[in-house]
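The structure appears below as structure tokens.
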Amino acid sequence: MQNSSPIGIFDSGYGGLTVFKSIAEQLPQYNYIYLGDNARSPYGDHSFETIYKYTLECVEWLFDKGCNLVILACNTASAKALRTIQQKDLPTKYPGRRVLGVIRPTAEVINTYTDTNKVGVMGTRGTVNSESYLLEIKKFYPNISVYQQSCPMWVPIIENNEHLQNGADFFVKEYCDALLAQSKDIDCVLLACTHYPLLLPKLKAVFPDYINILTQGDIVAKSLVNYLQRHPEMEMNLGREKQKSFYTSGDPIVFDEHASIFFGKKLASLKM
Ligand code: DGL
């Protein structure tokens, strides 16, 4: 295991930058490597086998870069690939290295955002079809009912920087209405895709005021703070030079053009 190891942050593309932003705010002291698999994204509609294969390749690349700890800052990869990587690949090939996802930390605290115990979950088809949120939330809170809505048009709209245009309104309203039609008592809507926080201004306009719209960045960051406190053996190997590197499997020029909307500042990425 390498001393001065960076923390790896992985997403299918840009969305994980919304999570990375919160992590870097709460844990600014560490070194990070972000990897976006832009060349093969969106992951949302790919099969289990494909998402697992792509995610494992990217995790192994981050291991090769010296990361002992990798965060899958992507709901689709967390839903479809994380368990197999944790149960099959890590114990045999990478003991001592860890991969964490975004679904469990979110499910753990979901009860604090609902009074009616009726929660809406909006995500990609992959995340919704995996039923990972249904299962994880049930494990912690059997009294909470979960209503899911897949929103397949949202990632393409956001990736093409059309999310604040009038043209996005139709698909925003369509999926929000479809979710609320499942139960009138939903009082918390989880944005279970790391791209969706960019739609917040539109979502706030469509959902009634009493609905808590929940994004994951701060939840995942707090959970990582907690994880590192509980795992000093991992924490003490982390580098503390405050370095952040950004890699993409796609075109770095295109990545840099889009990435600033997600991360809040201009980035200079490298080719994977
Ligand atoms: N950012 C990914 C997530 O959180 C979705 C994007 C994609 O479909 O690749 O699920």
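Quick caveat: nothing in here was measured; it's all calculated off a predicted structure. Counting starts at 1 for both ligands and their atoms, in listed order. Start at 1 with the first residue, then count along the sequence. Both backbone and side-chain heavy atoms feed into the values below; hydrogens, waters and symmetry mates do not.
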Establish whether L200 and L164 are linked, either directly or via other cluster members, by ILVMFWY side-chain heavy-atom contacts under 4.5 Å. no
Taking only heavy atoms of G44 into account, list the atoms of ligand 1 that are under 4.0 Å away from them. 7 (C), 8 (O), 9 (O)
Once you round to the nearest 0.5 Å, how far does OG1 of T116 lie from NZ of K184? 10.0 Å
Report yes or no: does a heavy atom of G13 sit under 4.0 Å from some atom of ligand 1? no
Using distance alone, determine whether C74 and ligand 1 share an N or O pair under 3.5 Å. no
Heavy atom of the protein closest to atom 1 (N) of ligand 1 (residue, atom name, distance): T194 OG1, 2.8 Å
Output, in order, the C-alpha distance, side-chain angles, deciding distance and verdict of salt bridge (Lys or Arg N to Asp or Glu O under 4.0 Å) for K53 and E49. CA-CA 6 Å; K53 175 178 179 289; E49 289 75 19; over 6 Å; no
Please determine whether a side-chain nitrogen of the Lys or Arg among E60 and R97 lies less than 4.0 Å from a carboxylate oxygen of the Asp or Glu. no
Checking a contact table here: which protein heavy atom is nearest atom 10 (O) of ligand 1, and how many Å away? T76 OG1, 2.7 Å
Rounded at 0.5 Å granularity, tell me how far OG1 in T127 sits from CD1 in I51. 7.5 Å
Please list the nearest protein heavy atom to atom 3 (C) of ligand 1 with its residue and the distance rounded to 0.1 Å. N75 N, 3.3 Å
Tell me the protein heavy atom at minimum distance from atom 5 (C) of ligand 1, and give that distance in Å. C193 SG, 3.5 Å
So for S12 against ligand 1, with non-hydrogen atoms under 4.0 Å, the contacting part is side chain
Heteroatom distance test (Y43, ligand 1): nitrogen or oxygen, under 3.5 angstrom: yes
Is it possible for you to say whether F140 and V119 belong to one hydrophobic cluster, with membership spreading through side-chain heavy-atom contacts below 4.5 Å? yes
Can you find a heavy atom in the side chain of Y32 that is under 4.5 Å from one in the side chain of I71? no
Check: G16 main-chain N/O paired with D11 side-chain donor or acceptor under 3.5 Å: yes
Of the side chain and backbone of D11, name the one, both, or neither that has a heavy atom under 4.0 Å from an atom of ligand 1. side chain
Look only at interatomic distance and state if T124 has a nitrogen or oxygen under 3.5 Å from any nitrogen or oxygen of ligand 1. no
